Novice: 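Below you will find the structure I want to go over with you.
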Amino acid sequence: QVQLVESGGGLVQAGGSLRLSCAASGRLVNFNAMGWYRQAPGKQREVVATVTSGGSTYYADSVKGRFTISRDNAKIAVYLQMNNLKPEDTAVYYCNLRYYTTYWGQGTQVTVSS
């Protein structure tokens, strides 16, 4: 059984920073891609950033230049450094892993106050 354990969410003022972490536990030794998605109240879940095991990255336009995604292949872990946070970044952030199938974390709340 594979589980994704997230940490690092919280409350921060606009302009501040947070770092999200996600590590996979269970019988997993590789992955194709990991990433972060978010869902704000009343909105659909949307992709924030993804990274492949080879290091290719994708960012949503709304976070380009402010967020940085990184990964640790040996630990099957992914990180999201979020800088210059804005109130519109407020959402539940979900970790995602793709390897033959798709796995999701339980979500971590990020709240940015104005």
Side-chain angles (χ1 to χ4, degrees):
Q1 186 76 7
V2 175
Q3 285 187 318
L4 300 179
V5 180
E6 300 146 334
S7 61
L11 172 64
V12 65
Q13 288 187 330
S17 299
L18 285 174
R19 178 177 168 86
L20 304 183
S21 299
C22 172
S25 64
R27 303 178 68 176
L28 196 65
V29 296
N30 201 355
F31 67 95
N32 297 119
M34 296 185 76
W36 293 94
Y37 290 67
R38 67 187 180 187
Q39 188 166 17
K43 295 187 177 181
Q44 289 189 329
R45 190 173 298 188
E46 63 178 5
V47 60
V48 176
T50 63
V51 60
T52 68
S53 57
S56 296
T57 58
Y58 167 84
Y59 294 94
D61 288 342
S62 59
V63 306
K64 283 181 181 176
R66 300 188 297 122
F67 292 9
T68 302
I69 191 169
S70 59
R71 92 283 186 209
D72 185 327
N73 289 3
K75 294 181 179 179
I76 315 292
V78 65
Y79 311 95
L80 187 68
Q81 177 66 43
M82 305 185 292
N83 298 328
N84 190 21
L85 282 160
K86 303 176 180 181
E88 52 263 42
D89 294 318
T90 295
V92 178
Y93 284 68
Y94 295 91
C95 177
N96 168 282
L97 183 151
R98 285 185 279 129
Y99 189 60
Y100 293 106
T101 187
T102 300
Y103 303 93
W104 290 96
Q106 80 283 0
T108 184
Q109 177 70 45
V110 171
T111 303
V112 184
S113 63
S114 58

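Here the structure is a predicted model, which is why all the values come from computation and not from measurement.
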Novice: Who are the side chain to side chain donor-acceptor pair (under 3.5 Å) partners of Lys43, not counting sequence neighbours?
Specialist: none
Novice: Quick one: do Lys86 and Asp89 make a salt bridge, cutoff under 4.0 Å?
Specialist: no
Novice: In terms of hydrophobic clusters joined by side-chain contacts under 4.5 Å, are Val78 and Val92 together?
Specialist: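 No, Val78 does not connect to Val92 through the hydrophobic network.
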Novice: Do you reckon Ile69 sits in the same ILVMFWY cluster as Tyr99, going by side-chain contacts under 4.5 Å, direct or chained?
Specialist: yes
Novice: Of Leu80, Val47, Val63, which meets side chain to side chain contact (heavy atoms under 4.5 Å, CB included) against Arg38?
Specialist: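 Among Leu80, Val47, Val63, the one that satisfies the side chain to side chain contact (heavy atoms under 4.5 Å, CB included) with Arg38 is Val63.
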Novice: Does one hydrophobic cluster hold both Leu18 and Phe67, with members joined at side-chain heavy-atom distances below 4.5 Å?
Specialist: yes
Novice: For Gln39, look at atom CD and say whether over 12 heavy atoms of other residues, nucleotides or ligands are found less than 6.0 Å away.
Specialist: yes
Novice: Looking at Gly107, is its backbone amide N or carbonyl O close enough to the side chain of Glu6 to form a donor-acceptor pair, meaning the two atoms are under 3.5 Å apart?
Specialist: yes
Novice: Would a 4.5 Å heavy-atom cut-off, applied to side chains only, mark Phe31 and Asn73 as touching?
Specialist: yes
Novice: Which heavy atom in Pro87 sits nearest to a heavy atom in Ser114, and how many Å separate them?
Specialist: CG-CB, 3.8 Å
Novice: In the structure I gave you, are the side-chain heavy atoms of Ile76 and Leu97 within less than 4.5 Å of one another anywhere?
Specialist: yes
Novice: Which residue pairs satisfy the disulfide bond (SG atoms under 2.5 Å apart) criterion with at least one member in residues 51-114, sequence neighbours excluded?
Specialist: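 Checked against disulfide bond (SG atoms under 2.5 Å apart) - neighbours excluded - the pairs reaching residues 51-114 are Cys22-Cys95.
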Novice: Measure across Leu4 and Ala24 and return the closest heavy-atom pair with its distance rounded to 0.1 Å.
Specialist: CD2-CB, 3.6 Å
Novice: Can you list every disulfide bond (SG atoms under 2.5 Å apart) pair that touches residues 24-65, not counting sequence neighbours?
Specialist: none
Novice: Where does the angle between the aromatic ring planes of Tyr37 and Trp104 fall among parallel (under 30°), tilted (30 to 60°) and perpendicular (over 60°)?
Specialist: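 Perpendicular.
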Novice: Which value, rounded to the nearest 0.5 Å, describes the distance between Gln106 atom CD and Thr108 atom OG1?
Specialist: 7.0 Å
Novice: Answer yes or no: is there a side-chain heavy-atom contact under 4.5 Å between Gln109 and Thr90?
Specialist: yes
Novice: For a quick test of reading the model, state the closest non-hydrogen atom pair linking Ala91 to Ala40 and the distance between them.
Specialist: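 Minimum heavy-atom contact is CB-N, 3.8 Å.
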Novice: Between Asn96 and Gly35, is there a donor-acceptor pair closer than 3.5 Å when you use the side chain of the first and the backbone of the second?
Specialist: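 No, because the side chain of Asn96 does not come within donor-acceptor range (under 3.5 Å) of the backbone of Gly35.
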Novice: Measure across Leu85 and Arg66 and return the closest heavy-atom pair with its distance rounded to 0.1 Å.
Specialist: CA-NH1, 3.9 Å
Novice: Any link between Tyr94 and Val112 through a network of hydrophobic side chains (Ile, Leu, Val, Met, Phe, Trp, Tyr) touching at under 4.5 Å?
Specialist: no
Novice: Once salt bridge (charged side-chain N to carboxylate O under 4.0 Å, His left out) is applied, do any residues pair with Arg19, and if so which ones, sequence neighbours excluded?
Specialist: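 Once residues adjacent in sequence are excluded, Arg19 has no partner under the salt bridge (charged side-chain N to carboxylate O under 4.0 Å, His left out) criterion.
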Novice: Please round to the nearest 0.5 Å and tell me the distance separating atom OG of Ser21 and atom CD of Gln81.
Specialist: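 If we round to the nearest 0.5 Å, Ser21:OG and Gln81:CD are 9.5 Å apart.
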Novice: Show the nearest heavy-atom pair for residues Ser17 and Asn83, with the distance to one decimal.
Specialist: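 Nearest pair, atom of Ser17 first, then Asn83: OG-OD1, 2.9 Å.
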Novice: Could you work out the complete set of other residues in the hydrophobic cluster of Tyr79, with links drawn between I, L, V, M, F, W and Y side chains under 4.5 Å apart?
Specialist: none
Novice: Is there a chain of hydrophobic side chains (I, L, V, M, F, W, Y, each step under 4.5 Å between heavy atoms) that links Tyr93 to Val5?
Specialist: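 No.
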Novice: Could you check whether any side-chain N or O of Tyr58 sits under 3.5 Å from a backbone N or O of Thr52, counting only pairs where one atom can act as donor and the other as acceptor?
Specialist: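 No.
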Novice: Which disulfide bond (SG atoms under 2.5 Å apart) pairs, counting each pair once, include a residue from residues 57-87, with sequence neighbours left out?
Specialist: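 For residues 57-87: none.
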Novice: One pair to check against side chain to side chain contact (heavy atoms under 4.5 Å, CB included): Arg71 and Ser53. What are the steps and the verdict?
Specialist: CA-CA 8 Å; Arg71 92 283 186 209; Ser53 57; 5.6 Å; no
